[in-house]
K.L.:
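Below are the structure tokens for one structure; questions will follow.
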Amino acid sequence: MARTLKNSEIADAFEELATLYELDGAVLYRVVAYRTAAKSIRESGVSVAQMAAQGQAEQLSGIGKTIAEKIAALVETGSIPAADKLKARIPAGLVAITNIPGLGPKRTRLLYEELRIESLEDLRRAAEDQRLRTVQGFGAKAEEKVLTALAAGADGRPRIRTLLSSALALGEELVEGLRDHEASLRVELAGSARRWAETCKDLDIVAAATDPAALVEAFTRLPAIDEVVTSGEAGAKALTHRGLTVDLRIVAQESFGNLLQHFTGSARHNEALRTKVVKRGLHVSEYSVTDDATGAVHRCTTEEEVYELLGMAYIEPELRENRGELDAASSGELPELLTLADIRGDLHCHTTASDGRDSIEQMARAAQERGYGYVAITDHSATHGFGNHVTPDELKRQIERIRAVDAAMEDFRVLAGTETNVLPDGSVDYKDDLLAELDWVVASVHTSFGIGENEMTDRMVAAIEHPLVDVIGHPTGRLIGRREPYAVDLGRVIEAAARTHTFLEINANPNRRDLDDVHARVAARAGVTILIDSDAHGTETLANMRFGVATARRAWLSAADVANTRSWDDLRALRPRG
DNA sequence: GCCGTTTTCGGCCCGACTGTTTTCAGTCG
């Protein structure tokens with residue numbers, strides 16, 4: 001074994017194995033079992049490779065004896081024998097073909113058996129030569145669809161997902177546009193955007209209207225809409241100028257709750273929800289809940305009614321990921337999630353002293369206008385590598401400037417801080433006597449991402465153990481969709497933070513969301529107090545706090561789990577230095 | 001292949017759409 005496999009790498013291997021089994025014609029339930037296992041591995045907050053090494057992989061839901069053995073084989077030898085056998089028999093190109101719209105595993109396999117199509121290039125030639133139509137179930141339309149998809153640049157990879165911040169801005173604009181229309185009764189954003197997921201594949205909007213046709217018409221004329229794909233009484237599908245697909249569904253007001261619940265998802269949540277209640281003779285769909293025992297058809301105007309009919313407490317959208325929320329809702333053990341209104345201060349932001357755009361005073365006034373009681377000014381230290389370098393002498397002058405702004409403000413604290421770089425050896429940029437003059441110290445890794453996992457973990461633990469470090473900023477360094485987390489043993493980081501009372505940050509920048517929901521949940525359960533920071537580089541991005549709050553809600557956190565739901569005096573008492 | 005208020009076997013969510021069919025399988029969300 002060269003190195004410890006990441007959960008995402010193990011999950012990818014099982015995702016691939018599922019597709020291989022699917023192409024091989026395995027029974028569907030077996031394929032689904034592998035996909036469920038892959039998802040479970042991906043979302044595990046602890047290292048599955050380590051669990052497997054200790055023979056504990058079966059503790060994860062969806063992992064039984066067979067899959068646990070395969071995980072162990074993968075971790076020990078780097079490959080799964082069953083997958084190797086399948087790969088020897090099934091051309092690698094078939095996996096890519098299954099990602100072409102309309103071509104699933106069954107039809108891909110049929111094309112391979114009948115026409116020996118084993119790559120996207122083979123597929124294109126067969127469609128051009130009108131040979132696809134010689135296969136049972138394929139016609140001229142299928143050839144046309146294949147060629148359209150390939151011409152549109154389909155390369156067999158799933159489509160890139162859009163960052164939540166972009167999708168949400170667009171979704172909110174569309175929803176407002178629809179609500180303004182006289183025919184609309186109710187309009188809500190649904191789907192992954194409503195669950196505040198990290199990224200969105202598309203946007204889902206659900207509505208009830210006095211005149212559905214008029215609302216659909218209005219929808220297709222909204223400025224953000226570029227091209228209408230389909231439209232009818234029940235809704236429409238359209239492409240925005242940004243290239244994001246939007247689905248609008250319209251339903252009778254009496255079923256609005258069913259529709260909203262259905263299209264908010266997640267698919268996993270709905271699947272598990274339905275499986276759970278079907279045993280009691282209850283069937284859930286986007287139109288109603290039906291009861292076998294009484295024959296009753298319950299249509300619900302609100303989601304609350306849907307969950308109540310199923311014997312559950314209302315489940316907030318952020319929790320609907322099939323991570324235990326169904327059992328908790330049935331037994332009355334759901335947490336009371338924190339809200340944006342609980343946040344009382346922001347302890348990580350930048351000014352023109354480093355790479356920010358606004359002054360200390362502008363940032364402080366903007367934070368006060370948001371209703372906060374305090375803000376910490378935390379510019380980058382000198383070895384950050386770019387932006388203006390705050391040398392020790394410059395930091396002393398910055399502290400004086402911060403004290404002056406603080407003195408000029410009423411009922412608001414402006415705290416002198418830094419976001420100091422954690423050097424490869426685990427030391428931080430400023431000397432202890434200078435750090436001690438500050439009210440607040442964020443320590444973050446910004447350089448030398450490529451050092452090994454052990455070295456990186458030691459580096460971070462050293463920073464955590466520094467008595468003047470209050471919080472570790474963006475603990476994994478990932479940029480969503482652009483940069484993987486650096487190799488670090490978060491289990492050890494979390495253990496050290498819990499032991500020293502050092503906070504761990506949920507960085508609210510929508511590109512970061514770091515810690516993510518899964519690890520923030522693990523950290524909080526391990527006794528770490530979480531801090532949510534905007535990392536704003538200008539007054540307007542203080543508003544990114546909402547993405548951090550969303551991550552915390554997805555991590556099942558209550559106000560008590562989060563440090564900056566407290567006053568500054570209460571918060572500082574929780575710190576390592578007391 | 002997994003799982004259990006149906007517990008070691010027999011189940012495993014729901015509905016719409018599409019293109020191709022004469023009654024539906026496959027795909028998608």
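For the numbers below, each heavy atom of this structure counts, side chains included, while hydrogens, waters and symmetry mates do not. First the proteins, then the strands, lettered A, B, ... as listed; each starts at 1.
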K.L.:
Is A:Ala140 touching bases, backbone alone, or none of the nucleic acid, heavy atoms closer than 4.0 Å?
P.N.:
sugar-phosphate
K.L.:
Please classify the nucleic acid contact of A:Ala234 as base, sugar-phosphate, or nothing, using heavy-atom distances under 4.0 Å.
P.N.:
nothing
K.L.:
How far does the P atom of B:dT6 sit from the matching atom of B:dG1, given to the nearest Å?
P.N.:
26 Å
K.L.:
C1' atom, B:dG11 versus B:dT18: distance in rounded Å?
P.N.:
30 Å
K.L.:
For the P atoms, the ones on B:dG19 and on B:dC12, what distance do you get once it is rounded to whole angstrom?
P.N.:
31 Å
K.L.:
Determine, for A:Glu176 against A:Arg179, whether the closest basic-nitrogen to carboxylate-oxygen distance falls under 4.0 angstrom.
P.N.:
yes
K.L.:
Going by an N to O cut-off under 4.0 Å, is there a salt bridge joining A:Arg109 and A:Glu22?
P.N.:
no
K.L.:
Indicate yes or no: does A:Arg478 engage A:Glu484 in a salt bridge with an N to O separation below 4.0 Å.
P.N.:
no
K.L.:
Considering only atom P, compute the distance from B:dC9 to B:dC14 and round it to an integer number of Å.
P.N.:
26 Å
K.L.:
On DNA chain B, check which nucleotide each of A:Val27 and A:Tyr287 is closest to and give me the residue with the more 5' one.
P.N.:
A:Val27
K.L.:
Determine the Euclidean distance between corresponding C1' atoms of B:dT23 and B:dG29; express it in Å to zero decimal places.
P.N.:
24 Å
K.L.:
Give one of base, sugar-phosphate or nothing for A:Val284, where a contact means two heavy atoms less than 4.0 Å apart.
P.N.:
sugar-phosphate
K.L.:
Scan A:Thr36 against the nucleic acid and name what it touches under 4.0 Å (heavy atoms): base, sugar-phosphate only, or nothing.
P.N.:
nothing
K.L.:
List, one per line, each side-chain donor-acceptor pair under 3.5 Å for residues 286-293 of chain A, sequence neighbours excluded.
P.N.:
| unit_1 | atom_1 | unit_2 | atom_2 | d |
| --- | --- | --- | --- | --- |
| A:Asp291 | OD1 | A:Ala293 | N | 3.0 |
| A:Asp292 | OD1 | A:His283 | NE2 | 3.2 |
| A:Asp292 | OD2 | A:His283 | NE2 | 3.0 |

K.L.:
With sequence neighbours left out, which residue pairs that include part of residues 48-59 of chain A fulfil the side chain to side chain donor-acceptor pair (under 3.5 Å) condition?
P.N.:
none
K.L.:
Taking atom P in both B:dT27 and B:dT20, what distance in whole Å separates the two?
P.N.:
14 Å
K.L.:
Using purine N1 to pyrimidine N3 plus N6-O4 or O6-N4 for Watson-Crick, or N1-O2 and O6-N3 for G-U wobble, both under 3.5 Å, which nucleotide pairs with B:dT27?
P.N.:
B:dA16
K.L.:
With a 4.0 angstrom cut-off to heavy atoms of chain A, pull out the first and last contacting nucleotide of DNA chain B, in 5'-to-3' order.
P.N.:
B:dG1 to B:dG29
K.L.:
Which part of the nucleic acid, if any, lies within contact of A:Phe263, taking any heavy atom under 4.0 Å across all strands shown: a base, the sugar-phosphate backbone alone, or nothing?
P.N.:
nothing
K.L.:
Find which nucleotide of DNA chain B each of A:Gly137 and A:Ser61 is nearest to by heavy atoms, and output the residue with the more 5' nucleotide.
P.N.:
A:Ser61
K.L.:
Do the rings of A:Tyr307 and A:Tyr314 sit parallel, tilted or perpendicular, given the 30° and 60° boundaries?
P.N.:
perpendicular
K.L.:
Between B:dT8 and B:dC17, how far apart are the two C1' atoms, rounded to whole Å?
P.N.:
40 Å
K.L.:
Is it the case that A:Arg513 places NZ or CZ above or below the six-membered ring of A:Phe547, under 6.0 angstrom from the centre and within 45 degrees of the axis?
P.N.:
no
